Amino acid sequence: MPRHLKIATFNVNGIRTRLPHLLQWLAQEKPDVACLQELKAADEGFPREEVERAGYGALWVGQRSWNGVAVLARGADPVESRRALPGDRADAQSRYLEVAAHGVMVGCLYLPNGNPQPGPKFDYKLRWFERLIRHARGLYDSGHPVVLAGDFNVVPTDEDIYDPKHWRKDALLQPETRDCYRRLLAQGWIDALRAVHPDARIYTFWDYFRQHWQRDAGLRIDHLLLNPQLQPRLADAGVDRWVRGLEKASDHAPVWIKLRRTAAGTAASKRAAKSKPARPAASGAS
DNA sequence: ATGCCAGGCACAGCCTGA
């Protein structure tokens with residue numbers, strides 16, 4: 001058993017088109033939990049057999065042509081918690097799936113893009129974000145270890161984009177969008193990639209236009225947020241950029257975190273450690 | 001201000017994405 005639990009999120013931009021890349025990535029990087037977005041497939045179009053053959057149990061919420069999310073668990077069957085974000089029964093878009101897997105609660109989300117703004121799509125984005133903030137509060141307070149992972153369609157700050165000036169009017173950079181993200185984090189969640197790499201330029205998305213991948217002109221919009229039960233276990237985080245470099249790639253790269261499996265670093269173990277000889281702090285190297 | 005590229009649908013050219 002590896003020392004770390006690896007949890008990843010990957011906007012595949014069409015699971016059937018991207019299935020070879022997905023399988024190659026699972027085989028090489030072996031995430032224990034993989035949150036997928038933009039399946040662009042109905043429930044019956046999900047490649048269950050291929051995913052199972054790769055060693056993963058899966059749950060998914062499909063939708064014809066658009067949206068769609070899934071959670072894969074390596075060598076395990078994820079247990080469903082909910083298949084939609086509460087707060088709007090009329091919302092038919094498949095953008096949220098919450099499961100328990102490998103001892104962690106995982107909220108897999110695909111937040112609306114919101115372009116063009118202003119307009120009804122941007123209004124929907126902000127309403128969806130408000131519902132997420134409300135629901136996240138309950139998850140945060142649940143006492144379970146929780147990860148919120150997915151494509152948030154938010155560039156949190158101007159440090160998270162190659163050049164903000166060409167995107168100033170985009171829904172991903174609007175003050176209202178960024179304020180929602182700030183208010184979510186203000187509940188106490190930590191942005192795991194930023195916590196591990198406070199000063200690095202990190203991108204997770206490069207659009208297909210203007211040779212943005214070749215120029216490394218990217219945006220950081222795929223995020224993994226941790227509640228306090230998981231924060232002491234965070235050991236490493238990164239982006240599998242090689243997946244974005246494949247032929248016919250998704251416009252997103254997978255993003256991952258590694259969590260220590262042991263209780264080392266948790267409040268319980270710190271209390272326990274007081275009665276034991278001190279040990280060096282965990283290095284975080286994997 | 002718009003198209004730039006790409007996937008889905010369904011077979012021509014839209015719509016949507018970010």
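Since we're looking at a predicted model, the values are computed, not measured. Each chain gets a letter, A, B and so on, in the order the sequences are listed, and its residues count up from 1. Reckoned from all heavy atoms, side chains included, excluding hydrogens, waters and symmetry mates.
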- Distance test, side-chain N/O of A:K169 to OP1/OP2 of B:dA1, below 4.0 Å: yes
- Looking only at heavy atoms, what is the nearest atom pair of A:G143 and A:Q229, with distance? O-CG, 3.6 Å
- Message: Heavy-atom nearest nucleotide on DNA chain B for A:G14 versus A:F209: which residue maps closer to 5'?
- Response: A:F209
- Same-atom distance (P) from B:dA10 to B:dC15, integer angstrom: 14 Å
- Anything below 3.5 Å on both distances counts as a pair; with that, list the stems of at least three consecutive Watson-Crick or G-U pairs involving DNA chain B. B:5-9 with B:13-17
- Note on the structure: Between CG of A:L19 and C1' of B:dG7 the distance, given in whole Å, is 15 Å
- Stepwise, does the side chain to side chain contact (heavy atoms under 4.5 Å, CB included) test hold for A:H223 with A:L185? CA-CA 12 Å; A:H223 307 302; A:L185 292 186; over 6 Å; no
- May I ask you to say what A:E38 touches in the nucleic acid, namely base, sugar-phosphate or nothing, with a heavy-atom cut-off under 4.0 Å? sugar-phosphate
- Item | Separation of the C1' atoms in B:dG8 and B:dT2, to the nearest angstrom | 24 Å
- Within this structure, what is the CH2-to-C1' distance between A:W206 and B:dG17, rounded to whole angstrom? 17 Å
- Task: Examine B:dG7: is either OP1 or OP2 under 4.0 Å from a nitrogen or oxygen in the side chain of A:R18? Give yes or no.
- Result: yes
- Give a yes-or-no answer on whether the side chains of A:N13 and A:K40 include a donor-acceptor pair shorter than 3.5 Å. yes
- Task: Rounded to whole angstrom, note down the P distance from B:dA12 over to B:dG17.
- Result: 25 Å
- Query: Hey, does the side chain of A:K40 come within less than 4.0 Å of B:dT16's phosphate (OP1/OP2), counting only N and O?
  - Reply: no
- Round to a whole Å and report the spacing from CD of A:Q211 to P of B:dA6. 10 Å
- With heavy atoms under 4.0 Å as the rule, sort A:N11 into base, sugar-phosphate or nothing. sugar-phosphate
- Would you mind reading off the distance between A:K248 atom NZ and B:dA6 atom P, rounded to a whole angstrom? 6 Å
- Start at the 5' end of DNA chain B and walk down; is the nucleotide closest to A:I15 or to A:Y208 reached first? A:Y208
- State which residue, out of A:R220, A:R168, A:R201, fulfils the salt bridge (Lys or Arg N to Asp or Glu O under 4.0 Å) condition with A:D158. A:R168
- Message: What's A:D151 touching, base or sugar-phosphate or nothing? Going by heavy atoms closer than 4.0 Å.
- Response: sugar-phosphate
- Task: Measure from NE2 on A:H166 to C1' on B:dC4 and round the result to the nearest Å.
- Result: 13 Å
- Note on the structure: To the nearest angstrom, the CG-C1' distance between A:D251 and B:dC5 comes to 9 Å
- Message: Using the C1' atom as the point on both nucleotides, what is the distance between B:dA6 and B:dA1, in whole Å?
- Response: 22 Å
- Item | ring-ring contact (aromatic ring centres under 6.0 Å, His included) partners for A:W213, two or more places apart | A:W206
- Return the minimal non-hydrogen interatomic distance between A:R83 and A:D43, and the atom names on each side. NH2-OD2, 4.3 Å
- Message: Looking at every non-hydrogen atom in both residues, tell me the closest pair between A:S81 and A:M105 and how far apart they are.
- Response: OG-CE, 3.8 Å
- Query: Looking at A:R194 and A:E159, what are the two nearest heavy atoms and their distance?
  - Reply: NH2-O, 3.8 Å
- Sugar-phosphate only, base, or nothing, as touched by A:F152 at under 4.0 Å among non-hydrogen atoms: nothing
- Which of the following nucleotides, B:dG7, B:dC9, B:dG17, is nearest to the side chain of A:R95? B:dG17
- Verify the contact: side-chain N or O of A:R16 to OP1 or OP2 of B:dC9, cut-off strictly under 4.0 Å; return yes or no. yes
- Message: If you compare every side-chain N and O of A:R64 against the phosphate oxygens of B:dA10 (OP1, OP2), does one of them come in below 4.0 Å?
- Response: yes
- Message: Can you tell me how the ring of A:F152 sits relative to the ring of A:F129, calling it parallel under 30°, perpendicular over 60° and tilted otherwise?
- Response: tilted
- Task: Grab the CZ-C1' distance between A:R210 and B:dA6 for me, whole Å please.
- Result: 14 Å
- Rounded to whole angstrom units, what separation is found between the CG atom of A:D207 and the P atom of B:dG7? 14 Å
- Is A:T17 near enough to B:dG8 that one of its side-chain N or O atoms lies under 4.0 angstrom from OP1 or OP2? yes
